[in-house]
Amino acid sequence: MVGTFEELVAEAEAAPVEGWGFDWLRGRATEERPPWGYARLVGDRMAAVKAALDIDTGGGEVLAEVPVPPPLLVATEAWPPNVPVARRNLRPLGASVVRVGDRPPLPFRDATFDLVVSRHPVHTWWDEVARVLRPGGAYLSQQIGPGTVRELSEAILGPLPPPQHRHPEVAVADARAVGLTVVDLREATLRTVFHDIGAVVWFLRKVVWTVPGFTVGRYRDELRRLDARIRAEGPFVAYARRFLIEARRG
């Protein structure tokens, strides 16, 4: 580890967190990838449809990997700093990026899209997904599972109650409640490793639900303790939970 606690924290505080790429963590943190290959699945589905929507596109980093985009490709994003990043990243695909609010409705007519995708949505509004899908259309989403990187949350916040949200079985029930048929559900637990306190700080600034309301000033004592632990024991390990769900409109 190179740098004092103060140096590593200052570097992480100064680094930009716009978009949804994690290149800043290269060499400082790692996370296993889910076995199903979400970007590849999206690319396969996109090549076979005429109209597609990506909800919560972030900076468009995943969608930008699609090799053969459909004739109509639209992405939505609610966090203002991400919108220009997504427009820049998705311009080569001819995609439109629409800034939306963080609650429904989506600004699209009923039965507009053959395919709706979303990676790590903040919330899935299943009734809106069903509404904008054409008959026979599909929703494909990689979602954050319950208690993801809980170990990191508890290192900062202390012991937490059992997770109450983001359970795959709840997503299945919600999809069925709006008339969708779930055709695929897969789960994965992924080892996540932080090599220095700067990586932790940058991650907490970006993935804001890990420690809600996180600032370095508010949690400096907890960060110092975690820094000392990493220096004494080696990298901090947490576990990310993910699930893939695919549902179709009849």
Side-chain angles (χ1 to χ4, degrees), residues 1-36 38-39 56 58-59 61-62 78-82 85 102 119-123 142-168 187-244:
M1 186 183 303
V2 179
T4 66
F5 170 80
E6 295 294 348
E7 289 169 343
L8 293 170
V9 167
E11 180 187 11
E13 281 195 291
V17 293
E18 291 81 7
W20 202 239
F22 287 77
D23 289 348
W24 193 85
L25 292 178
R26 187 173 293 125
R28 308 181 72 155
T30 60
E31 181 181 288
E32 293 178 320
R33 299 293 90 191
W36 47 75
Y38 175 76
D56 289 348
E61 293 86 357
V62 174
W79 195 44
N82 279 347
V85 178
D102 57 4
R119 180 180 181 270
H120 303 173
V122 176
H123 184 86
Q142 178 176 295
Q143 307 223 352
I144 297 168
T148 193
V149 292
R150 178 186 181 89
E151 299 83 1
L152 179 56
S153 300
E154 292 191 330
I156 303 298
L157 298 171
L160 297 171
Q164 301 297 314
H165 306 290
R166 299 186 176 276
H167 290 278
E187 300 178 52
T189 298
L190 311 167
R191 191 170 186 264
T192 305
V193 181
F194 298 90
H195 292 275
D196 67 68
I197 199 65
V200 169
V201 167
W202 189 87
F203 181 88
L204 293 177
R205 290 180 60 223
K206 189 176 188 72
V207 188
V208 295
W209 52 81
T210 308
V211 176
F214 172 80
T215 65
V216 169
R218 183 176 182 182
Y219 292 105
R220 185 172 293 274
D221 290 343
E222 291 82 359
L223 291 169
R224 283 191 180 278
R225 286 194 290 270
L226 184 53
D227 176 64
R229 175 176 169 181
I230 293 172
R231 292 176 189 272
E233 302 176 8
F236 182 82
V237 178
Y239 293 89
R241 278 79 183 179
R242 301 285 184 265
F243 66 93
L244 181 81

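Nothing here was measured: the structure is a model prediction, and the numbers come from that model.
Within the structure, the side chain to side chain donor-acceptor pair (under 3.5 Å) test picks out the following pairs touching residues 215-224 (sequence neighbours left out): E6-R220, E6-R224. Among pairs with a residue in residues 14-29, those fulfilling salt bridge (charged side-chain N to carboxylate O under 4.0 Å, His left out) read E11-R28, D23-R26, R28-D196, at least two apart in sequence or across chains.
In terms of the ring pair (Phe, Tyr, Trp, His ring centres under 6.0 Å) criterion, H167 has no residue partners (sequence neighbours excluded). Under the rule for a side chain to side chain contact (heavy atoms under 4.5 Å, CB included), the partners of A39 that lie at least two apart in sequence or sit in another chain are V62, E65. The ring pair (Phe, Tyr, Trp, His ring centres under 6.0 Å) test applied to W79 returns no partner, not counting sequence neighbours. In this structure, A10 has no side chain to side chain contact (heavy atoms under 4.5 Å, CB included) partners at least two apart in sequence or on a different chain. W209 meets the side-chain hydrogen bond (donor to acceptor under 3.5 Å, both in side chains) test with no other residue; sequence neighbours excluded. Under the side chain to side chain contact (heavy atoms under 4.5 Å, CB included) criterion, A29 pairs with L25, F194, A199, sequence neighbours left out. Every side chain to side chain contact (heavy atoms under 4.5 Å, CB included) that E32 has, sequence neighbours left out, goes to L190, R191. For the side-chain hydrogen bond (donor to acceptor under 3.5 Å, both in side chains) test, no residue two or more places apart in sequence or in another chain qualifies with R225. Residues passing the salt bridge (charged side-chain N to carboxylate O under 4.0 Å, His left out) test with E13, sequence neighbours excluded: none.
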Return a table of donor-acceptor pairs under 3.5 angstrom between the side chains of residues 146-156 and protein atoms on other chains or two or more places apart.
unit_1 : atom_1 : unit_2 : atom_2 : d
T148   : OG1    : R241   : N      : 3.0
T148   : OG1    : R242   : NH1    : 3.2
R150   : NE     : E154   : OE2    : 3.3
R150   : NH1    : P161   : O      : 3.0
R150   : NH2    : E154   : OE2    : 3.4
R150   : NH2    : L160   : O      : 2.5
R150   : NH2    : P161   : O      : 2.8
E151   : OE1    : Y239   : N      : 3.0
S153   : OG     : T210   : O      : 2.8
E154   : OE2    : L160   : N      : 2.9

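Under the 3.5 Å distance criterion, the side-chain polar atoms of E233 are left unmatched by any main-chain donor or acceptor of R231.
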